[in-house]
Amino acid sequence: MGMKERGGLTEPMFYVLMSFLNQDMCGIEITEFIQTRTQGRVRLGPGTLYTLLGKFLDEKLIEEVAVEGRKRTYRMTEKGRTAYQEEVARLRACLADAEAVNAGGTP
Amino acid sequence: MKNKGTITKLQKTDPYDIAATQCWLEEMSAQGLHILRWGRLFCTFHAGEPKQVRYRLDPARPGDGAEPDAELRENYQQAGWRYVCSMRPHFFLFAADDPTVPELYTDADSMGYAIKHVVRWATTSLLAALILLLTWLADFVSMRSAKNIVVLFAVGFPIWLLCLLSYTHRFLVLFRAHRSLKQGKPLSAPPQNRVPIMTIINLALLVWLVCLGLFFINYGV
């Protein structure tokens, strides 16, 4: 199911945005961050990564902060931080619903 | 056609049919023919040892030149994907020799986003071709009393028709692929013995232009 149909960020989008929370990042660092954070559960192909970086730049969720040789570094904008926080809130609500149902709460 | 370890072959797939093209190139590599260059109608292969290679078409991003961005190439290389050649103007070809490296696109949604501007370009060019054809036909209607009108029509109409067929086919192939990817479905495996419609149309156009050239050389305008 695509992102629009589901109304949130896809898992790769979510993790790419998460990688910018505490520091500016370049492409390789983002891949390494996701690999470590998810213990290899989420694998990000380089085509997916660069497409998402392009999409986030277009939507002004991230911005380019430095170019050193061939290495480009990006940081998250306020708009990006808001989109990330909204997704975290949505996922928390989903999890709370699931836990309530698991515990035998009212449907 | 052979030349010092290289072989030139007519394209068996349309470059816009992403899954079919990838599949054909993988079959060629399994037979020991490794793609070097993708032309308008022909491909050049290096003849070597048969290998299992994964080929992936990467849609060019807006602003990309004839070759992919240097940083992108380096990072793709580190991820196990080597750059092979440009399939101008809309795709770059990458290959992975190691079967364990992650796919170039690990989710359908991002691939769908990546080909969006190629679909937009195919839509625009189809509309432009339709408008030009209608303008050309309107021009004909307005000069129906002109001398040699039948000859002019017979010369021009097949060219327009072939161009329109080519643009329509390209648009439909890309539109279906984009729709499937946006629904989260990966590109489906192509059926065996798929007909390379674009190659056939391009060849027909070429043959028609050659025939016209010969006709005008022999009989004058």
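Quick note on labels: first sequence line is chain A, next is B, and so on, each numbered from 1.
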Hey, mind stepping through B:Met111 and A:Thr51 against side chain to side chain contact (heavy atoms under 4.5 Å, CB included) and telling me if it holds?
-> CA-CA 8 Å; B:Met111 178 72 182; A:Thr51 300; over 6 Å; no

Expected list for residues 28-39 of chain A: side-chain donor-acceptor pairs under 3.5 angstrom, two or more places apart:
| residue | atom | partner | partner atom | Å |
| --- | --- | --- | --- | --- |
| A:Glu29 | OE1 | A:Cys26 | N | 2.9 |
| A:Thr31 | OG1 | A:Gly27 | O | 3.1 |
| A:Thr36 | OG1 | A:Glu32 | O | 2.8 |
| A:Thr38 | OG1 | A:Ile34 | O | 2.8 |
| A:Thr38 | OG1 | A:Arg41 | N | 3.4 |
| A:Thr38 | OG1 | A:Val42 | N | 3.1 |

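- Put simply, the side chain of B:Asp107 does not reach to within 4.5 Å of the side chain of A:Glu11, judged on heavy atoms.
- Atom OG1 of A:Thr48 is separated from atom CG of B:Leu104 by 7.5 Å, given to the nearest 0.5 angstrom.
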Pairs of donor and acceptor atoms involving the side chains of residues 89-102 of chain B, under 3.5 Å and at least two apart or interchain, shall be tabulated with distances.
| residue | atom | partner | partner atom | Å |
| --- | --- | --- | --- | --- |
| B:Asp97 | OD1 | B:Arg82 | NH2 | 3.0 |
| B:Asp97 | OD2 | B:Arg82 | NE | 3.0 |
| B:Asp98 | OD1 | B:Thr100 | N | 2.8 |
| B:Asp98 | OD1 | B:Thr100 | OG1 | 2.7 |
| B:Asp98 | OD2 | B:Thr100 | OG1 | 3.0 |

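- Taking a 6.0 Å sphere around CD of A:Glu64, one finds it holds more than 12 heavy atoms contributed by other residues, nucleotides or ligands.
- Heavy-atom distances place the backbone of B:Glu103, and not its side chain, under 4.5 Å from chain A.
- Interatomic distance, CG of A:Leu49 versus OH of B:Tyr105, reported as 10.0 Å (0.5 Å rounding).
- Within residues 119-132 of chain B, no residue has a heavy atom under 4.5 Å from a heavy atom of chain A.
- Ion pair A:Arg72/B:Asp69 flagged as a salt bridge, since at least one NZ, NE, NH1 or NH2 atom sits closer than 4.0 Å to an Asp/Glu carboxylate oxygen.
- Counting heavy atoms from C-beta on, the side chains of A:Asp58 and B:Tyr113 come closer than 4.5 Å.
- Using a 4.5 Å heavy-atom threshold, the side chains of A:Pro46 and B:Asn75 count as separate.
- Residues satisfying the salt bridge (Lys or Arg N to Asp or Glu O under 4.0 Å) criterion with B:Arg61, sequence neighbours excluded, are B:Asp58.
- Once rounded to the nearest 0.5 Å, the distance linking OG of B:Ser110 with CG of A:Leu44 reads 8.0 Å.
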